[in-house]
A.B. asks: 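Encoded as structure tokens, here's the structure I'll be asking about.
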Protein chains: 2
Amino acid sequence: MTSRTIKVLLAEDQSMVREALAALLGLEDDIEVVAQVARGDEVLTAARDHDVDVALLDIEMPGATGIEAAAQVHKELPTIKLVVLTTFGRPGYLRSAMEAGADAFLVKDAPAAQLAEAVRKVLAGERVIDPTLAAAALADGANPLTDREREVLRAAADGSTNAELAAALHLSQGTVRNYLSTAIQKLAVRNRAEAVRIAREKGWL
Amino acid sequence: MTSRTIKVLLAEDQSMVREALAALLGLEDDIEVVAQVARGDEVLTAARDHDVDVALLDIEMPGATGIEAAAQVHKELPTIKLVVLTTFGRPGYLRSAMEAGADAFLVKDAPAAQLAEAVRKVLAGERVIDPTLAAAALADGANPLTDREREVLRAAADGSTNAELAAALHLSQGTVRNYLSTAIQKLAVRNRAEAVRIAREKGWL
DNA sequence: ACTGCCGGATGACAGATGTCATACGTCGAC
DNA sequence: GTCGACGTATGACATCTGTCATCCGGCAGT
């Protein structure tokens, strides 16, 4: 397997970016993009159908996030190496990606050369992560929110009122307020809007 | 000028995406990327220094938005054709881009082939806009918010409290609430969080 | 000169939100 | 088998937010 080309699956929802990344990887002699998908929930089947060495997964995708897709592939096809790619350098994303079995974590504002580099490195068994981001992830610690707090906060993110949240989540209004209150305190902020913002920034939402 | 290659300036903050787009355009025989910048406020000088035919501008950039950059270039170097590229198909963005003198407006989830197409078309004097988005822009009408309302809403977007907004904008708390109240009514929503969300979606923020 | 809109402000009021104490059942850890 | 964490709920309370009426000065249009 020394001289075979590396077969890459590319998952990214924005066509223009996806095809541009494919063009970029296509410039490398030892890399071949054998499949492209635009949705997280198409990654697993594409991976099964195409004898893939490395899957390159964007996080923000419809259907399923790249992290969810990574977890699926890691479970079913553990020999496939996983590179997670994202616009947002959120510490919590890095943590979840690693827990999902990712071998590399790249942010899109890193130099393009790192992409092909990462593909080669993960195939050689190395792990590739941004040291700055790794430090931030460790400094932040784990997500302090419970499942329910996170759900409520996520639902509250669009500006829904307590009554709407209660109805949507089958909870009492008081309970909704309790969850939001504890989330607000855990994140050390003053209202739900700030809580949403901070949780998003950290990648905890 | 029939057979000369088209000289393109590429402005996009995410290195990986920028270089990938450059690779994509580089595959076209008649197109050459002669300059790349990562900030909106570097577009004008780069355009002056490089004898550019077409500038390809992402909207979301540090320093200045692609729309602001487009306006600057349109004013100083009106012969340069302007293609505005964005992740978000927000009707208000299209409107502002057109007002800034843009010749084409593309969203990043359009097929990659449209990029080179658009470059050629604008150079031929055509305008390129997504018809769906154009319809949405016309249906939405113009931004109904006044300058002040927009400023206050933008400042409120991070979850700041009325007191903080008042201090930051040198207004009384009551005035802040009045502006937010009128914004909320104009956008036909129920609270500031929804107002922020809707204004963002429309590209009015 | 008048009208209307904008920026700015006040005060009063109703309703939404955030806090706190308290309670109960379930479940996993020790 | 007890303890702690979690999910869920209630009631009371203080504060924040959103609405409304009303006011003022400036400035653009007619």
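Computed from a prediction, not measured in an experiment: that's the story for all the values here. Every chain is numbered from 1 and lettered A, B, ... according to where its sequence line falls, protein lines coming before strand lines.
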A.B. asks: Taking the minimum atom-to-atom distance to the side chain of Ile184(A), which one of dT19(C), dA9(C), dG7(C) wins?
C.D. replies: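 So the side chain of Ile184(A) is nearest to dT19(C).
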A.B. asks: When the distance from OH of Tyr179(A) to P of dC20(C) is rounded to whole Å, what number comes out?
C.D. replies: 18 Å
A.B. asks: I want to check one thing: is the phosphate of dC16(D), taken as OP1 and OP2, less than 4.0 Å away from some side-chain N or O of Arg177(B)?
C.D. replies: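 Answer is no, no contact under 4.0 Å.
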A.B. asks: Choose from dG18(D), dT8(D), dT10(D) the nucleotide whose nearest atom is closest to any side-chain atom of Arg148(A).
C.D. replies: dT8(D)
A.B. asks: Need one value for Thr146(A): base, sugar-phosphate or nothing, where a base atom within 4.0 Å counts as base even if backbone is also close, heavy atoms only.
C.D. replies: sugar-phosphate
A.B. asks: Side chain of Asp147(B) only, please: which of dT10(D), dT8(D), dG7(C) is the nearest?
C.D. replies: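 Out of dT10(D), dT8(D), dG7(C), the nucleotide with an atom closest to Asp147(B)'s side chain is dG7(C).
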A.B. asks: Whole Å only: how far is the NE2 atom of His170(A) from the C1' atom of dA9(D)?
C.D. replies: 17 Å
A.B. asks: Output the rounded distance in Å from CD (Glu149(A)) to P (dT8(D)).
C.D. replies: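 The distance from CD of Glu149(A) to P of dT8(D) comes to 11 Å, rounded to the nearest Å.
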A.B. asks: Tell me whether the OP1 or OP2 atom of dT19(D) has a side-chain N or O from Ser181(B) closer than 4.0 Å.
C.D. replies: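 Looking at the OP1 and OP2 atoms of dT19(D), one of them is under 4.0 Å from a side-chain N or O of Ser181(B).
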A.B. asks: Can you measure Asn191(A) atom CG to dT19(C) atom C1' for me and round it to whole angstrom units?
C.D. replies: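 Going from CG in Asn191(A) over to C1' in dT19(C) covers 14 Å.
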A.B. asks: Do Lys7(A) and Asp53(A) sit within salt-bridge range, that is, some charged N less than 4.0 Å from a carboxylate O?
C.D. replies: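 Salt bridge flag = no for Asp53(A) with Lys7(A).
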A.B. asks: Measure the distance from CD on Glu151(B) to C1' on dC6(C) and round it to the nearest whole Å.
C.D. replies: 13 Å
A.B. asks: Counting the atoms with a prime plus P, OP1 and OP2 as sugar-phosphate, which does Asn178(A) contact under 4.0 Å by heavy atoms, base, sugar-phosphate, or nothing?
C.D. replies: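 Here Asn178(A) touches the bases of the nucleic acid.
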A.B. asks: Reckon Asn162(A) has a side-chain N or O less than 4.0 Å from the OP1 or OP2 of dA16(C)?
C.D. replies: no
A.B. asks: Closest approach to the side chain of Thr161(A), judged atom by atom: which nucleotide of dT8(D), dG18(C), dA16(C) is it?
C.D. replies: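 Closest nucleotide among those given: dA16(C).
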A.B. asks: Should Asp58(A) and Glu60(A) count as side-chain neighbours, where that means a heavy-atom distance under 4.5 Å?
C.D. replies: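 They are in contact (side-chain heavy atoms under 4.5 Å apart), so the answer is yes.
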A.B. asks: Start at the 5' end of DNA chain C and walk down; is the nucleotide closest to Arg192(A) or to Ser172(B) reached first?
C.D. replies: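 Comparing both residues, the 5'-ward one is Ser172(B).
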A.B. asks: Take the protein atom CD of Gln185(B) and the nucleotide atom P of dG18(D), then report the distance between them rounded to whole Å.
C.D. replies: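 The distance from CD of Gln185(B) to P of dG18(D) comes to 11 Å, rounded to the nearest Å.
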A.B. asks: Is any side-chain nitrogen or oxygen of Thr175(A) closer than 4.0 Å to OP1 or OP2 of dA9(D)?
C.D. replies: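 For dA9(D), OP1 or OP2 has a side-chain N or O of Thr175(A) closer than 4.0 Å.
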